[in-house]
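Contents: one structure, followed by commentary.
In what follows, every chain begins at residue 1, and chains take the letters A, B, ... in the order their sequences are listed.
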Number of protein chains: 2
Amino acid sequence: MRGLSRGDVNKDGSTPIYSQVEALILDMIETGKLSTGERAPSEREVATSLGISRMTARAAISKLVSDGYLHTVAGKGTFVSDPKLRQDLLELTSFTEDMLRRGLRPGARLLGLEVADQVPLKVRRTMGVSGDSELISVRRLRTADGRPMCLETSYLPRAKVPWLLEEDLQSGSLYRILESRSIELAKAEEHLEATLATEEESELLTVPAGSPALLIERITYTDRDEPIEYVKSLYRGDRYRFSAMLFKKRKKGGGS
Amino acid sequence: MRGLSRGDVNKDGSTPIYSQVEALILDMIETGKLSTGERAPSEREVATSLGISRMTARAAISKLVSDGYLHTVAGKGTFVSDPKLRQDLLELTSFTEDMLRRGLRPGARLLGLEVADQVPLKVRRTMGVSGDSELISVRRLRTADGRPMCLETSYLPRAKVPWLLEEDLQSGSLYRILESRSIELAKAEEHLEATLATEEESELLTVPAGSPALLIERITYTDRDEPIEYVKSLYRGDRYRFSAMLFKKRKKGGGS
DNA sequence: AAGTGGTCTAGACCACATT
DNA sequence: ATGTGGTCTAGACCACTTA
């Protein structure tokens, strides 16, 4: 299989070999050297042509399978999946990343940044704090291409982000700020429901009162499973669409 | 670590060892033998106590990690994740399963089952058919505990499910019917948006006209990446909430 | 120093597909 | 008969954390 040769992987570098292989195959897919439905090089081909172990090649391919780029058929081979099935659905992103991905220019108008002293019980419980003044709240009107997209209220634990009150939340992405402080976000639980914008909300979002809106509640966790952020976002129903990829779980007991 | 001994795995059976190990550890978590935040047995412990290779033990643990039951910390160990983070979010389920999981009794009222001859272009394209009469449409009012929950319109390729017109879609789950015919569903792409119920829709859903509703579009694929179903569902905004778990992807090349 | 997860090797046998 | 993915082994070295 042309395109894969021993020189393509660096065994001494700090980057794991399987990650390099993953990037190599991904590149072949994205540049069209491998097209949809086509058979990808087999595990053994990848292993021998790159001079690595089959298990290492397999690790790379497995990752691409779980990310939706490839799918395997036992006895036949590994095939390139339909691009529709490998869209970056269900990836945890910031509003900023989300908008950029949609081809829109993200923006923010800061409505409030303060130590919160009247936090709903539900939020306090979720964030694992008991008293008042333990959370910082950020309220922002998020814009896309300059026009209102959603109304966002975040709560973060003061103990973990005491420096937040000094940050510039007008322009920057909150998630990028957190990462620059070595707070690694790992996953988030989201709940979505359809609702109507109240009078105040519709005014800020510049839509008629009673317009449909998508209410998204998100609890973000760090790589140590600690809740780091509770966000309630109200998106304009006419401008926003949420996408996700759902997977079927295997049955227990070897049935399937 | 008590609870894991050589007799617990069957090396001759048809069930892979790592699946058995996965089930064993999962059981320890669900029965409380391992509680939230506690350290799970290490890869080497599992391997030696069960008399298997470390790589096999690791395969089982990796699966549980990717399913959200455990999380690893390099150099420290593997820990049991918060139950909130391992809820079955983002799993592909039928309406029937979904309702049962929410503790509601699912039901259906068949509104239409026919060969569809006026299918929107978008649906035809998605399903990969060109002409008319190649899709079967199913329109049902779905109920939960006897009260209307959503209005569901499905399109399936006639060529793949010619027997569908004879099926009982009043009581049974469509997905269970497909599975009984050896059609394995693997994943689905979903798009959600907030909207308002039209007059006809609100009447069927027994809500006031102009009520908020969650519009869900789903395209379901088989394990061979073939689209098998296109569904448009309109859920009552006051009764339904969609949940998902989002994960952060790793950065490439150590740039971060 | 000892234990942990992260990575990697060089083999092996199996069931299944294709030729 | 050959090639494929699926599974499994019995080692190995590394960076990291904890004691």
Side-chain angles (χ1 to χ4, degrees), chain A residues 1 6 9-23 25 38-66 69-81 182 184 186 223-225 250 254-256, chain B residues 1 6 8-23 25 38-66 69-81 182 184 186 223-225 250-251 254:
Chain A
M1 178 60 47
R6 273 178 172 68
V9 288
N10 176 4
K11 294 197 182 184
D12 301 318
S14 60
T15 314
I17 296 176
Y18 73 89
S19 287
Q20 299 178 45
V21 176
E22 197 186 322
I25 300 176
E38 193 181 347
R39 228 202 68 198
S42 74
E43 297 172 355
R44 287 168 181 85
E45 275 173 0
V46 172
T48 58
S49 62
L50 292 177
I52 60 175
S53 157
R54 184 187 157 204
M55 287 300 280
T56 304
R58 184 176 167 77
I61 292 171
S62 296
K63 183 62 165 46
L64 291 170
V65 168
S66 78
Y69 290 95
L70 301 171
H71 64 277
T72 60
V73 181
K76 290 190 67 178
T78 304
F79 302 86
V80 181
S81 288
S182 294
E184 293 289 336
D223 52 358
R224 302 282 167 112
D225 270 11
R250 295 193 319 256
S256 127
Chain B
M1 176 60 48
R6 272 177 174 69
D8 291 337
V9 288
N10 176 4
K11 294 196 182 186
D12 301 318
S14 60
T15 313
I17 296 177
Y18 74 88
S19 287
Q20 298 178 45
V21 176
E22 199 186 320
I25 300 177
E38 193 181 347
R39 228 204 67 198
S42 75
E43 297 172 356
R44 287 168 181 84
E45 276 173 1
V46 172
T48 58
S49 62
L50 292 177
I52 61 176
S53 156
R54 185 187 155 202
M55 288 299 280
T56 303
R58 184 175 168 76
I61 292 171
S62 296
K63 183 62 164 50
L64 291 170
V65 168
S66 78
Y69 290 94
L70 301 172
H71 63 278
T72 60
V73 180
K76 290 189 68 176
T78 303
F79 302 85
V80 180
S81 288
S182 295
E184 293 290 336
D223 51 358
R224 301 284 167 111
D225 270 12
R250 295 193 319 255
K251 297 259 169 92

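In this structure, Thr72(A) does not reach the dT4(D) phosphate: none of its side-chain N or O atoms is under 4.0 Å from OP1 or OP2. Checking the phosphate oxygens (OP1, OP2) of dC8(C), no side-chain nitrogen or oxygen of Tyr18(A) falls inside 4.0 Å. Under 4.0 angstrom from either OP1 or OP2 of dA10(C) there lies no side-chain N or O belonging to Ser53(A). At least one side-chain nitrogen or oxygen of Arg39(B) sits closer than 4.0 Å to the OP1 or OP2 atom of dT4(C). Listed pair Arg58(A) / dG6(D) meets the phosphate criterion, a side-chain N or O lying under 4.0 Å from OP1 or OP2. In terms of phosphate contacts, Thr78(A) brings a side-chain nitrogen or oxygen within less than 4.0 Å of OP1 or OP2 of dG5(D).
Between Leu64(B) atom CG and dG5(C) atom P the separation is 13 Å, expressed in whole Å. Separating the NE2 atom of His71(A) from the P atom of dT4(D) is a distance of 16 Å, rounded to the nearest angstrom. With rounding to whole Å, Gln20(A) atom CD is found 8 Å from dC8(C) atom P. In this structure, CG of Leu70(B) is placed 13 Å from C1' of dG5(C), rounded to the nearest angstrom. The separation between Glu22(B) atom CD and dG6(D) atom C1' is 15 Å, rounded to whole Å.
Between Ala74(A) and Gly51(A), the residue anchored closer to the 5' end of DNA chain C is Gly51(A), taking for each the nucleotide with the nearest heavy atom.
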Might you work through the side-chain contact (heavy atoms from CB on, under 4.5 Å) test for Val80(A) and Tyr69(A), ending with a clear yes or no? CA-CA 6 Å; Val80(A) 181; Tyr69(A) 290 95; over 6 Å; no

What verdict does the side-chain contact (heavy atoms from CB on, under 4.5 Å) test give for Leu64(A) and Glu22(A), after you've listed the backbone C-alpha separation in whole Å, the side-chain angles of each residue and the deciding distance to 0.1 Å? CA-CA 7 Å; Leu64(A) 291 170; Glu22(A) 197 186 322; 3.8 Å; yes

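With Ser49(B) contributing its side chain and Glu45(B) its backbone, the two residues share a donor-acceptor pair below 3.5 Å. Looking only at distances, a side-chain donor or acceptor of Thr48(A) sits under 3.5 Å from a matching main-chain atom of Arg44(A). Of the possible polar contacts, none joining the Ser19(A) side chain to the Thr15(A) backbone as a donor-acceptor pair under 3.5 Å is found.
The side chain of Ile17(B) lies closest to dC8(D), out of dT9(C), dG5(D), dC8(D). The side chain of Ile52(A) approaches dT9(C) more closely than any other nucleotide in the set dG6(D), dT9(C), dT4(C). Taking the side chain of Lys11(B) as heavy atoms from C-beta on, and the options dT9(D), dG6(C), dG6(D), the nearest nucleotide is dT9(D). Distances from the side chain of Glu43(B) to the nucleotides dG5(C), dA17(C), dA12(C) place dG5(C) closest. Of the candidates dG6(D), dT4(C), dT9(D), the closest approach to any side-chain atom of Met55(A) belongs to dT9(D). Nearest nucleotide to the Arg54(A) side chain, out of dC13(C), dC8(D), dA17(C): dC13(C).
Counting atom types as modelled, Arg44(B) pairs a side-chain N or O with a base atom of dG5(C) as donor and acceptor under 3.5 Å.
Ile61(A) comes within 4.0 angstrom of nothing in the nucleic acid, heavy atoms only.
The minimum heavy-atom distance between Gln20(B) and Val9(B), with the atom names listed, is OE1-CA, 3.4 Å.
dT2(D) is unpaired under the criterion used here, namely a Watson-Crick or G-U wobble arrangement in which both key atom distances are under 3.5 Å.
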